[in-house]
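Report on the following structure.
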Amino acid sequence: MKRKRIPLVAAGILAAGYLICCAFVDEEHILPRTSVNGINISGMERGEAVSLLERDAASRQGAAVIPVRFAEKEYPVDVSGAVEWDFRSVVEELQKPVQGAFLTRGFLLIKSLLAGNVREAAPVLKNEEMLEEAVESSGFPNEGTTMQTDYRVEGDNLVFTIGKAGEEADLDRLEEELKAAVQEGDYTAVECPVSAGKVKDADLEQIYQEVCREPENATLDPADNYRIKEPVPGVQFDLESARKALEGAEEGSTVTIELIREEPEITKADLEKHLFADKLASYNTRVGGLQNRKDNIRLAVEKCNGAILLSGDIFSYNDMVGEQTAETGYKLAPATADGGEIVQAYGGGICQVSSTIFAAALYANLDIEERWEHEYVSSYIAAGMDAAVAWDILDFKIRNNKDYPVRIDITYAGDMLTVDIWGTKTEDSVVEIDTEIMDNSSGKLCVQTTRRVSNGDRVFVEQIADSTYIN
C-alpha cells in the first residue's frame, strides 16, 4: 500500500506546485526572463514596462542615423524624426498568452523560466515626409558627378566651359532603401542608388541679364555730397551667335563669346564742362499778403532751393517742404479748403512756391508728373499756370527728362519770388506755353494748358493740363 501511495503523493505535490505556478501568473505582470530590445522587463506591470522601453527608445531614436555613401563621400541621414516604436503593442502581444485558460499559465511560466522570452521590436516609419526632409538636409542631393555648364568673364570675352554628364543620386530608390533599413532597425551604411546625369542647356537669357548692362553716363552721387560719379561702360553680347556656338560644343570643351563694350555718351570730362552751365528757364511771381504768409513762403523756399535732380529723378514738392505744422516751423495764414472756403491753415501761401516752380518747369521742358489746380484762380499767377498742394492729398511732381542733372535755384528778395532752373542745353529749342480758355460760363472757368516745343523743323505739342476754377 505504501508503494502505491508514494506516486500518488508525488503526483499531488506536482499538481499542487503546478497550480501554484498557474496562480503566480497574472495578466498585468510580465513573465520572468522577458526582455525587449535587450531591456529586462521581467515582473513589471505592463504600463511600467512600456514606459521603460519608451525611455530607452528615446536614446535609440537619437542614434537613428544612416550613413549614405555617394561619390566617394559619406553623408549622415538623420532619420530619428521619421521613426517610432509601438512598445504598447509589443507588451500586449507578450502578455496575450497568459490571458487564456488558467491551467495553461503554469506551463507558460515554466517555459519562460527555462527558455526566456526575448523580443526585438523594430521601429516603424511614422512620417515619410520627414524622411524626405532628412535626405534633403543631409546635403548630398545637391551633389553629383555631373558638371553643369559654367561661364566666366575674361577681359573682353565671355568664356563657357561646357559641362560633363556624370551620375546623380536616385532619390526615389534611396528613400525606399532607407524605409527598409528603418523598419529593420539597421543603421549601417547604405550605398546611394544612382542614375545617369544630364547636362542642362545654358540659360543664355539669364546669363545675359547677369553679364550685360546698359552704359551709365557720368553723373552726380547724392551719397557723396554730389561729387561726380565715374561713367560705366555698357556690356552686350550677341545672343543668337552665342546660342549657335553652344549648340555644337562637345562636353568639357571651351567656347569663347566676344563681349561688345559700349561707351557712355556723357564722360566725366563732359559733365565737368557742362554741369549746370545753362539756365534752362526762369519764372517769377510777386509775393503779397500778411507776414505769416510771407514767412511760410520763405521757409518753403529754404527747403526747396538748390534741389538737384539727376537724369530720371522726380522732384516731389511735398517731400521737400514736409508736413505743415507749428512744430515744423509753419504759421497760420489764409488757404483755400475744399469747396472754395478760405480758412486759416499752417503753411498757407506755400502754393505760390510750387506754382512758380511749375511755371519754370514748363518752360524748361521738364516732364510734369503730377499737378493740381486751385479752387479759384490765384492772384499771383495766370489761370492754368498754378500748382495747388495739400499735405498727403495733393502733390506737385516734376521729372528730369534730360541726360544731364538739373538744379532748381529759388530766391525770395523784396516782394519777388524767382525760380531759375539750371542744366545743360543739348539742343536749340524754343518753348511756348499757351493757356486757352475753353469755357467761361455757368460759374466756372475751364483752361487748357499746352506746351509747344520747336527745334528747327520739328515741332512737338503737348497738352499739359485741364484746369477748372470757380468763376
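When reading the values below, keep in mind they use all heavy atoms of this one structure, side chains included, and skip hydrogens, waters and symmetry mates.
Other residues, nucleotides and ligands contribute only 12 or fewer heavy atoms inside 6.0 Å of the CZ atom of R88. Within 6.0 Å of CZ on R261 lie more than 12 heavy atoms contributed by other residues, nucleotides or ligands. By the 6.0 Å contact criterion, CE on M320 is enclosed, its count of non-hydrogen atoms from other residues, nucleotides or ligands being greater than 12.
There is no side-chain donor-acceptor pair under 3.5 Å between Q209 and E205. Under 3.5 Å, the side chains of D395 and S316 contain a donor-acceptor pair of N or O atoms. Side-chain atoms of T146 and E168 form a donor-acceptor pair, as typed in the model, at a separation below 3.5 Å. Side-chain N/O atoms of T161 and R152 include a donor and acceptor closer than 3.5 Å. Side chains of Y404 and D278: no donor on one and acceptor on the other come within 3.5 Å. A donor-acceptor contact closer than 3.5 angstrom links the side chains of S282 and D420.
With respect to R407 and D409, a salt bridge is recorded, a charged nitrogen being found less than 4.0 Å from a carboxylate O. The pair R451-E462 meets the salt-bridge criterion, since a charged nitrogen lies less than 4.0 angstrom from a carboxylate oxygen.
Distance check, rounded to the nearest 0.5 Å: OG1 of T450 to CG of D466 gives 8.0 Å.
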